[in-house]
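Below you'll find the structure, written out as structure tokens, and then a few comments.
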Amino acid sequence: MTAPMQGMPYSPAPVEVVAFIGRILGHEWPRSEGERVRVFEALGMHSPQRPTEDAEENIGGIWVLKVPLGADVDARWSSFRGSLVLITLFLYPQPSEQHPQVLEKFAELRTELSTYFSPPTETWGTEAMPAARWTIGTCGVELYCFNKPNSVLMLCIEDLQLARLAEAAAVADSAP
């Protein structure tokens with residue numbers, strides 16, 4: 001993605017991003033690979049890569065995702081034992097630290113998410129690298145602003161139960 005020049009609009013608009021998240025959360029979270037494919041197709045998303053069909057072999061993975069946001073958004077999806085756990089969007093990347101327009105986009109997205117859903121259930125971080133979380137039914141939405149070494153927003157939509165299971169499995173796998 002080419003970085004927007006200073007003073008030019010950043011794409012996609014935060015309101016478009018939030019509407020897209022609303023469409024994702026408007027579907028029941030997929031519990032199988034077949035359901036994931038159907039939901040992705042219904043939302044205009046496409047992944048050129050697929051996990052194995054064997055849930056026991058597919059402990060987890062991260063795959064490239066094309067999303068219909070009218071811009072070259074860097075997106076990924078993650079699975080755990082054959083089920084979609086997480087969709088991640090990387091928005092408004094800039095090749096410099098502490099980019100003021102990326103911080104502005106964080107504030108705009110946070111406002112749009114709060115208006116669309118509700119105020120965040122949790123906030124943390126610093127003024128330069130803020131983060132916020134919303135709990136919407138069985139899903140979580142997290143927004144992060146990273147400013148070192150480059151500036152970018154990361155927005156994640158996850159199934160909270162599957163995310164906890166995946167994290168517990170990762171911790172267990174890393175235990176001595």
Where is the tightest heavy-atom contact between Glu16 and Leu69, given as atom of each residue plus distance?
->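 Heavy atoms of Glu16 and Leu69 come nearest at O-CD2, 3.9 Å.
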Within a strict 4.5 Å, meaning less than it, do heavy atoms of the [X] and [Y] side chains meet?
{"X": "Phe106", "Y": "Leu91", "value": "no"}
{"X": "Leu162", "Y": "Arg31", "value": "yes"}
{"X": "Phe146", "Y": "Ser151", "value": "no"}
{"X": "Val15", "Y": "Tyr116", "value": "no"}
{"X": "Phe80", "Y": "Leu165", "value": "yes"}
{"X": "Met129", "Y": "Asn147", "value": "yes"}
{"X": "Thr115", "Y": "Val18", "value": "no"}
{"X": "Pro120", "Y": "Leu113", "value": "no"}

To the nearest 0.5 Å, what is the distance between [atom1] on [X] and [atom2] on [Y]?
{"X": "Phe20", "Y": "Leu155", "atom1": "CZ", "atom2": "CG", "value": "10.5 Å"}
{"X": "Asp74", "Y": "Leu89", "atom1": "CG", "atom2": "CG", "value": "9.0 Å"}
{"X": "Thr135", "Y": "Phe117", "atom1": "OG1", "atom2": "CZ", "value": "11.5 Å"}
{"X": "Cys139", "Y": "Leu25", "atom1": "SG", "atom2": "CG", "value": "5.0 Å"}

Give the intermediate values and the outcome of salt bridge (Lys or Arg N to Asp or Glu O under 4.0 Å) for residues Lys105 and Glu108.
-> CA-CA 5 Å; Lys105 287 298 177 189; Glu108 287 178 38; 3.2 Å; yes
Do [X] side-chain atoms and [Y] backbone N/O form a donor-acceptor pair below 3.5 Å?
{"X": "Ser47", "Y": "Leu65", "result": "no"}
{"X": "Ser32", "Y": "Glu35", "result": "yes"}
{"X": "Ser118", "Y": "Ser114", "result": "no"}

With sequence neighbours left out, which residue pairs that include part of residues 122-141 fulfil the ring pair (Phe, Tyr, Trp, His ring centres under 6.0 Å) condition?
->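 Residue pairs with at least one partner in residues 122-141: Trp124-Tyr144.
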Glu142 and Arg133: CA distance, side-chain angles, deciding distance, salt bridge (Lys or Arg N to Asp or Glu O under 4.0 Å) verdict | CA-CA 4 Å; Glu142 295 184 357; Arg133 176 181 297 124; 2.6 Å; yes
Neighbour count >12 (heavy atoms, 6.0 Å) for atom CD, Glu167 |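 No, because the 6.0 Å sphere around CD of Glu167 holds 12 heavy atoms or fewer from other groups.
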Flag if over 12 foreign heavy atoms under 6.0 Å of CD, Gln98 =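 Result for CD/Gln98: enclosed.
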Arg36 NZ/CZ over Trp77 ring centroid, <6.0 Å and within 45° of normal |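 Judged by the rule (NZ or CZ under 6.0 Å from the ring centre, within 45° of its axis), Arg36 counts as positioned above Trp77.
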